[in-house]
Amino acid sequence: MPYRDVAALIDDADARDEQAARDSENLAMLVDRIDFLNTFDYVSGTTDPDDPEVKKERMERKRRGLRPPPLPLLPPVALRDPEVTAALVERYRADHKPYELTKRTEQADQPPPGQRLAKVLEMYRDRG
């Protein structure tokens, strides 16, 4: 191989590495989307819309005004460099946070407000 061909390959090495990195990320993004679609199909096919827990969660989301995100949030599942994966997971969690239906742990042990008042009134009635 003539030296000019070798020099051209060396000069072109950075561009080929950058192209390989882009191709690798594009493939990883396709894996993320296929995983999302498979999971969505499975959950859609196995979730009973008439299940009391499903209805309860939907009503709670409606009561709190939680709407789904305008575009699907895709969790990064493909194998990537650890630094890239960590950054993508952090971004996914931050993007997903406003749409989570979190439990209110501080109020979990307390009965609803109407029942609390009834208990207080019972305590006063029992004293008299």
Side-chain angles (χ1 to χ4, degrees):
M1 184 178 277
Y3 74 91
R4 289 185 182 166
D5 292 341
V6 173
L9 287 173
I10 292 172
D11 288 341
D12 193 40
D14 289 337
R16 281 185 282 127
D17 288 345
E18 289 174 7
Q19 180 64 42
R22 284 192 302 272
D23 290 346
S24 175
E25 181 58 26
N26 285 340
L27 286 173
M29 291 171 69
L30 284 173
V31 169
D32 292 343
R33 279 153 178 76
I34 290 170
D35 177 73
F36 176 83
L37 290 173
N38 285 338
T39 304
F40 180 79
D41 285 344
Y42 177 78
V43 171
S44 298
T46 58
T47 302
D48 180 15
D50 297 327
D51 183 18
E53 289 184 24
V54 173
K55 287 183 176 181
K56 181 180 176 183
E57 184 176 330
R58 285 185 180 157
M59 291 303 294
E60 184 65 20
R61 286 185 174 281
K62 190 173 186 177
R63 186 181 69 77
R64 291 188 190 181
L66 292 176
R67 299 182 56 79
L71 295 172
L73 301 175
L74 306 175
V77 296
L79 184 61
R80 295 177 169 94
D81 290 336
E83 299 86 19
V84 174
T85 301
L88 290 174
V89 166
E90 185 176 321
R91 185 176 78 188
Y92 170 76
R93 287 181 179 158
D95 291 347
H96 194 268
K97 192 92 169 153
Y99 303 104
E100 288 180 0
L101 183 62
T102 56
K103 304 286 183 197
R104 296 183 182 175
T105 55
E106 67 274 358
Q107 295 180 357
D109 298 333
Q110 298 179 0
Q115 290 179 357
R116 282 184 274 173
L117 179 60
K119 285 186 178 186
V120 170
L121 292 175
E122 281 181 30
M123 288 183 352
Y124 283 110
R125 281 188 218 140
D126 292 342
R127 287 185 179 181

Minimum heavy-atom separation for Leu66 to Pro98, with atom names? CD2-O, 3.5 Å

Note: with side-chain heavy atoms under 4.5 Å as the link, the other cluster members for Val84 come out as Leu88

Answer yes or no: are there more than 12 heavy-atom neighbours, outside Glu100 itself, under 6.0 Å from its atom CD? yes

If you count the non-hydrogen atoms of other residues, nucleotides and ligands that lie under 6.0 Å from CD in Glu25, is the total more than 12? yes

Kindly indicate whether the side chain of Arg58, heavy atoms from C-beta on, has any atom under 4.5 Å from the side chain of Pro49. yes

Does Glu60 pair with Arg63 as a salt bridge, N-O distance under 4.0 Å? yes

Would you find more than 12 non-hydrogen atoms of other residues, nucleotides or ligands less than 6.0 Å from Arg61 atom CZ? yes

How close do Ala78 and Ala28 get, counting heavy atoms only, and between which atoms? CB-O, 3.5 Å

Decide side chain to side chain donor-acceptor pair (under 3.5 Å) for Arg16 and Gln19; before the verdict, give the C-alpha distance in whole Å, the side-chain angles of both, and the deciding distance to 0.1 Å. CA-CA 5 Å; Arg16 281 185 282 127; Gln19 180 64 42; over 6 Å; no

Could you list who else is in Leu71's hydrophobic cluster, with ILVMFWY side chains joined at under 4.5 Å, directly or through other members? none

Go through the structure and list residues passing ring-ring contact (aromatic ring centres under 6.0 Å, His included) with Phe36, not counting sequence neighbours. none

Quick test of your reading: applying side chain to side chain donor-acceptor pair (under 3.5 Å), list the pairs with at least one residue in residues 28-47, sequence neighbours left out, ordered by first then second residue. Asp32-Arg80

Taking atom CG of Leu37 and atom CG of Leu74, what is their separation to the nearest 0.5 Å? 8.0 Å

Calculate, to the nearest 0.5 Å, the distance between atoms CD and CG belonging to Glu90 and Asp95 respectively. 10.5 Å

With sequence neighbours excluded, tell me which residues meet side-chain contact (heavy atoms from CB on, under 4.5 Å) with Arg67. none

Given a cutoff of under 4.5 Å between side-chain heavy atoms of I, L, V, M, F, W and Y, with clusters grown through shared members, what are the other residues clustered with Tyr99? Leu73, Tyr92

